Amino acid sequence: MGKDTLNINTAGDRVVVIGGGVIGLCVAYYALRSGKQVVVIEREVQGGGNCSGKNAGMVVPSHFVPLAAPGMIALGLRWMFNPESPFAFSLRPGPALMRWAYLFWRHANRPHVEACRGLLCELNLKSRELFVELSAEFDYGLVKRGLLMLCEKQQTLESEASLAESARELGLDVEVCSTRRLTEIDPGIEMAVTGGIWFKQDCHMDPGAFTSGLRAKIIAMGGEIRYEVDAEGFLREEGKVKAVQASAGSARSEEIEADQVVIAGGAWSADLARGLGLKLPMAAGKGYSMTLSEPVQLPRICSILAEARVAVTPIGDALRFAGTMEIGGRNLSINERRIKGICKSVSRCFPQFKERQFDGVERWAGLRPCSPDGLPYLGPAGPGAENVFIATGHAMMGLSLAPVTGYLMAQLLNGDFPDMDIAKLTPARF
Ligand SMILES: Cc1cc2nc3c(=O)[nH]c(=O)nc-3n(C[C@H](O)[C@H](O)[C@H](O)COP(=O)(O)OP(=O)(O)OC[C@H]3O[C@@H](n4cnc5c(N)ncnc54)[C@H](O)[C@@H]3O)c2cc1C
């Protein structure tokens with residue numbers, strides 16, 4: 001922990017973390033390591049409901065460009081009317097979603113990208129270091145072979161190559177690859193692409209094994225995880241939260257005492273923050289994954305199909321395909337047209353894979369918690385709730401940034417200055 005201290009209320013050691021997804025679990029783990037007592041409350045059953053279980057499992061220093069970037073609005077508009085495209089925006093947005101869209105538009109520009117790419121890269125690299133450290137504590141299948149950004153069209157390859165140049169400026173180890181070079185790097189899969197970029201520091205893992213390993217670790221360290229407990233509000237006194245008001249089933253409601261509270265409720269976090277008078281613009285970005293347990297071919301390295309925005313991850317002997325970003329309501333319904341879009345692009349880029357191989361394969365949906373500027377919310381909730389902290393809004397990078405989020409949050413909870421300058425991540429920025 002840093003030597004200097006922040007003017008933050010750290011009295012008492014009992015931390016209640018709301019949300020048992022990967023962010024809440026990492027916060028709990030690092031808080032326990034720093035000497036706090038921790039209770040995690042999760043409204044779903046163990047392993048159910050959240051976005052953290054069956055995502056693409058990638059650790060992505062390569063993702064230093066936030067979601068709010070130039071060209072995204074035009075691309076989104078072009079894709080909106082194609083039911084098989086990787087992007088959709090709710091056709092009936094309410095006022096909160098309209099405000100989110102306005103804020104997104106305000107940030108989708110070059111100065112914004114330039115202002116935050118260094119920070120995103122630094123956060124992802126620190127998180128990668130922590131993932132490596134954690135893999136010595138429990139095995140969750142971390143593979144450190146990098147990520148291939150695969151391009152079907154020459155034009156895409158050129159634009160990805162110019163992004164690779166920016167990546168090098170940030171100190172990342174990157175190689176622009178011909179088709180032949182791609183085959184040398186990953187002989188495990190036939191690819192019908194023009195070329196690609198190899199981001200050598202990216203990693204992949206089984207995200208389910210990571211979260212279940214973390215849960216076991218938290219329990220072994222004396223932490224508590226309570227399932228099917230729904231945080232509904234806060235009991236406040238003199239500008240501080242004294243307890244989280246929660247219900248478990250219809251029969252009982254209770255007050256869970258807290259010295260400090262961390263809201264890590266993913267796409268639902270804004271509801272809780274609103275109860276404290278904090279505006280946390282948030283949209284749920286739905287995505288899907290499908291896992292082939294006996295794929296016809298198994299790559300060694302994870303990849304992203306650049307045009308279709310489909311992530312492909314080997315998980316043990318299985319192969320996971322993940323994609324789409326449907327900005328809208330918080331429902332987990334499956335849109336088969338978009339699933340078809342994923343299957344089509346996979347069979348185009350990997351000719352040994354046919355669309356019919358996905359028939360009957362389980363479809364999983366998760367809601368990414370998306371802030372409008374593409375940066376996480378990480379820090380104190382602000383006046384009126386001095387002892388409450390927020391950790392959410394990581395969008396497509398929630399797994400990748402989970403360890404660094406927990407690590408920095410533990411510093412905040414202890415009143416220490418965080419190791420990195422995270423002023424841009426303040427939850428009160430909108
Ligand atoms: C298809 C897909 C692929 C992805 N691939 C990757 C990837 O490769 N790499 C990467 O870094 N990220 C990836 N992501 C994003 C990543 O999965 C998310 O950013 C991350 O899981 C968010 O974690 P979280 O803990 O914030 O939210 P969640 O996992 O959603 O957890 C929040 C939890 O809080 C609980 N909760 C909410 N409100 C309350 C309440 N009031 N009381 C009690 N509990 C509550 C919810 O039930 C939920 O379990 C992907 C996402 C999708 C959809």
Side-chain angles (χ1 to χ4, degrees), residues 16-28 40-63 67 86 123-124 127-128 131 147 202-205 207-208 210-211 214 225-234 244-248 256 262-273 275 282 284-291 302 304 309-313 315 320-326 330 332 338 342 363-371 376-378 390-406:
V16 174
V17 178
I18 303 174
V22 70
I23 298 294
L25 293 174
C26 277
V27 167
V40 179
I41 58 176
E42 166 56 53
R43 65 154 70 109
E44 299 289 340
V45 295
Q46 180 170 330
N50 66 46
C51 191
S52 303
K54 294 190 181 171
N55 59 45
M58 295 175 176
V59 179
V60 284
S62 58
H63 284 37
L67 192 58
L123 288 167
N124 270 304
S127 223
R128 183 195 191 273
F131 270 117
L147 173 148
D202 285 22
C203 305
H204 69 265
M205 72 182 77
F210 181 66
T211 46
L214 263 183
I225 308 178
R226 296 183 57 192
Y227 297 99
E228 297 182 79
V229 175
D230 193 354
E232 292 175 331
F234 302 98
V244 176
Q245 295 166 318
S247 69
I256 303 172
V262 180
I263 299 179
W268 298 268
S269 302
D271 303 353
L272 287 162
M282 179 79 86
K286 184 162 60 180
Y288 306 115
S289 79
M290 290 170 286
T291 308
C302 65
I304 292 181
R309 312 274 161 135
V310 170
V312 184
T313 315
I315 295 182
R320 179 165 296 164
F321 301 87
T324 83
M325 175 69 93
E326 293 177 32
R330 289 181 300 195
L332 291 169
R338 297 207 189 273
I342 296 177
R363 278 78 163 118
W364 172 87
L367 301 175
R368 303 175 186 91
C370 301
S371 68
Y377 295 114
L378 178 56
I390 311 282
T392 188
H394 299 73
M396 333 82 88
M397 288 181 264
L399 172 70
S400 188
L401 295 177
V404 75
T405 299

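Fair warning: this is a prediction, and the values are worked out from it, not measured in the lab. Atoms within each ligand, like the ligands themselves, are counted from 1 in listed order.
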I want to check something: taking the side chain as every heavy atom from C-beta on, are [X] and [Y] in contact at a cut-off of under 4.5 Å?
| X | Y | answer |
| --- | --- | --- |
| T324 | I342 | yes |
| M325 | R309 | no |
| M397 | L123 | no |
| N55 | S289 | no |
| Q46 | Y227 | yes |
| I315 | P207 | yes |
| F234 | L272 | yes |

Distance under 4.0 Å to a non-hydrogen atom of [X]: what atoms of ligand 1 satisfy this?
| X | result |
| --- | --- |
| M397 | 10 (C), 11 (O), 12 (N) |
| Y288 | 1 (C) |
| D230 | 40 (C), 41 (N), 42 (N) |
| L272 | 41 (N) |
| S400 | 10 (C), 11 (O) |
| G265 | 32 (C), 34 (O), 37 (C) |
| E44 | 47 (O) |
| I23 | 23 (O), 24 (P), 25 (O), 26 (O) |

With nothing but distance in play, are any N or O atoms of [X] less than 3.5 Å from an N or O of ligand 1?
| X | value |
| --- | --- |
| R43 | yes |
| M396 | yes |
| A322 | no |
| G57 | yes |
| P369 | no |
| A395 | yes |
| W268 | no |

Fill in: Short side-chain donor-acceptor distance under 3.5 Å, H63 and S400
no
Heavy atoms only: which of [options] lies closest to [atom]?
| atom | options | answer |
| --- | --- | --- |
| atom 30 (O) of ligand 1 | G287, G275, S269, C51 | C51 |
| atom 50 (C) of ligand 1 | T324, L367, N55, V22 | N55 |
| atom 31 (O) of ligand 1 | C26, A267, G21, A402 | G21 |
| atom 5 (N) of ligand 1 | A56, S52, A231 | A56 |
| atom 35 (C) of ligand 1 | R320, M205, E42 | E42 |

Of the side chain and backbone of [X], name the one, both, or neither that has a heavy atom under 4.0 Å from an atom of ligand 1.
| X | answer |
| --- | --- |
| V60 | neither |
| I18 | side chain |
| R368 | side chain |
| K286 | neither |
| A365 | neither |
| S289 | neither |

Quick check against the 3.5 Å criterion: does [X] have a side-chain atom that pairs as donor or acceptor with the backbone of [Y]?
| X | Y | result |
| --- | --- | --- |
| S52 | G21 | no |
| R330 | A267 | yes |
| T211 | G53 | no |
| T313 | A56 | yes |

Worksheet, complete the sentence: Taking every heavy atom of G19 against every heavy atom of V40, the minimum-distance pair comes out as O-CG1, 3.6 Å
Worksheet item: Considering all heavy atoms of both residues, which atom of P376 and which atom of L401 are nearest to each other, and what is their separation?
Response: CG-CD1, 4.0 Å
Worksheet item: Going through the checks in order, is the side-chain contact (heavy atoms from CB on, under 4.5 Å) test met by N50 and E44?
Response: CA-CA 8 Å; N50 66 46; E44 299 289 340; over 6 Å; no
Discussion item. Tell me whether L25 reaches ligand 1 (any heavy atom closer than 4.0 angstrom to a ligand atom).
Written reply: no
Discussion item. Please determine whether side-chain contact (heavy atoms from CB on, under 4.5 Å) holds for the pair W364 and T291, giving the CA-CA distance in whole Å, both sets of side-chain angles, and the decisive distance to 0.1 Å.
Written reply: CA-CA 9 Å; W364 172 87; T291 308; over 6 Å; no
